[in-house]
Amino acid sequence: MTRDPPLGTARSEMLFAEAQRHLPGGVDSPVRAFKAVGGTPRFIARGHGACVWDVDDQRYIDYLASWGPLIAGHAHPGVVAAIQDATTRGTSYGAPTQAEVDLAVFIKQAFPTIDLLRFVNSGTEATMTALRLARAFTRRDLILKFDGGYHGHADGLLVQAGSGPLTLGQPDSPGVPSAAARETLSVPYNDVVAVRDALQAHPGQIAAVIVEPVAGNMGVVPPAPGFLEHLREMTREHGTLLIFDEVITGFRVAPGGAQQRFGIRPDLTCLGKIVGGGLPVGAYGGRAEIMQQVSPLGPVYQAGTLSGNPLAMAAGLATVRLLTEPGVYDHLERLAARLVDGLGEAARSAGVAYSSNRVGSMFTGFFTDQPVTDYASAKRADTRRYARFFHALLDRGVYLAPSQFEAGFVSLAHSEADVDATLNAASAAFAEVTLVGDEP
Ligand SMILES: *Cc1c(COP(=O)(O)O)cnc(C)c1O
């Protein structure tokens, strides 16, 4: 395949320089700055279907999907119409609306473990509040999470690496009080023994185990067979709540999220991303007796000026309704399998060490020949090779997440032709990767 000339980046470069004078790092969320892969982040001008166009008018087949929400693709006509329609009636009232009820009913039908839920504005708010609620309900302070698990940027959750199951957490960011970090334990993902040891070492003290039932923020890592079942059993034994952070997986890996796909009933569920259809939404919900502790029913305080915003509810409802069409998830599954299998083959042909993980339409290809089952094995991936691959694809009009440790997403807007074009580009990109040596 002949190499097209590299796409132009003059306007993105200009805007990035300007942005850095006003926004820290030129961005409003860190990974967007391309630090992990180098180079200039593309400033996006518009999106349509499976593609985005940058300010230099270069087109990219998009597998970032705004980090997950855009399961219907960009500017889906039904979603756009729903938002436009809502806008004509005003943008916010600070009072209850029918749209909140409609979306709540819809979510409850998909998630039978949710009796009551509360809408918030981000996944971060959802997880932060779910933890407060779990602590209030259990009258315990400690939280157990998993290394490499991301649950938003609340203080107690910016803790990744204890050196072992019994080690109390260290903050991952300056500004997180050590007292907050000390309330968080972190153990390796998929490590049942570490969870058991932590629960036994802190009897009656762990309020909740919070887990991404399919990890998506160390790159995609599926739960090992039995892992989620064991979590359910062990937390129940210890009077600890099980919180599924389904901010990515909700409506992504099945309509009812990972809990439907794997048949597990958590006590609380956090949602975001897809339920907002590309507008800012989060939600937390679960068993009635727990959720009844939330103000104004109960004493656990949580509020939001724009929570349940009518435009956001309209976008969310329009998006999740699209997902009820028959065959939608089969289509996503088939297309993602075609893509991920094809990438694996292309890597093999090029002789590049590469290990694929996929659950439904979320996937990551790691530049390592070892299986990736947790954060430690994810970290073995060669990030220099990922950076080379990322840019080689970007130059050929394919947009992956600008970090090895993120998920890619296939949407309903992607076609087989998009996937095939991506695989063509990937063959050439893997060939470039072989030029990256093994030395660090
Ligand atoms: C994105 C994400 C969050 C945080 O959601 P924001 O809307 O970015 O605050 C929380 N948990 C998981 C699993 C996520 O992927």
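Order of appearance sets the numbers: ligands from 1, and atoms from 1 within every ligand. Side chains are part of it too, since the values below use all heavy atoms of this structure and drop only hydrogens, waters and symmetry mates.
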Task: Protein contact to atom 4 (C) of ligand 1 [nearest heavy atom, distance to 0.1 Å] - done: T124 N, 3.7 Å
Open item on the list: Going by side chain to side chain donor-acceptor pair (under 3.5 Å), T113 matches just one of Q259, R287, R265. Which one?
Closed with: Q259
Open item on the list: Which residue and atom name correspond to the protein heavy atom nearest atom 11 (N) of ligand 1, and how close is it?
Closed with: D245 OD2, 2.7 Å
Task: Spatial distance of atom CD1 (I143) from atom CD1 (I206) [nearest 0.5 Å] - done: 9.0 Å
Task: Element-labelled atoms of ligand 1 that are located less than 4.0 Å from some non-hydrogen atom of N217 - done: 12 (C), 13 (C), 14 (C), 15 (O)
- [ ] Please name the residue in the list Y354, F367, F366 that meets the side chain to side chain contact (heavy atoms under 4.5 Å, CB included) test with R385.
- [x] F367
Task: Residue E212 vicinity, atoms of ligand 1 by number, heavy atom under 4.0 Å - done: 13 (C)
TODO: Would you mind listing which atoms of ligand 1 come within a distance below 4.0 Å of any non-hydrogen atom of Y150?
DONE: 11 (N), 12 (C), 13 (C)
Open item on the list: Just checking R11: does its CZ atom have more than 12 heavy atoms from other residues, nucleotides or ligands closer to it than 6.0 angstrom?
Closed with: no
Task: Ring-face cation of K379 near F405 (centre distance under 6.0 Å, axis angle within 45°) - done: yes
Task: Nearest neighbour in protein (non-hydrogen) for atom 5 (O) of ligand 1 - done: G123 CA, 3.2 Å
TODO: Report the distance from atom CG of L332 to atom CD1 of I71, rounding to the nearest 0.5 Å.
DONE: 5.0 Å
Open item on the list: Can a donor-acceptor pair be found, under 3.5 Å and without considering hydrogens, that links the side chain of R380 to the backbone of Q370?
Closed with: no
TODO: Identify, for atom 14 (C) of ligand 1, the protein heavy atom at the shortest distance, and state residue, atom and that distance.
DONE: K273 NZ, 2.9 Å
Open item on the list: As an exercise, identify every atom of ligand 1 less than 4.0 angstrom from a heavy atom of S122.
Closed with: 7 (O), 9 (O)
Task: Atoms in ligand 1 flagged as close to I248, the criterion being non-hydrogen separation under 4.0 Å - done: 15 (O)
Open item on the list: With the threshold set strictly below 4.0 angstrom, can you tell me whether any protein non-hydrogen atom sits that near atom 8 (O) of ligand 1?
Closed with: no
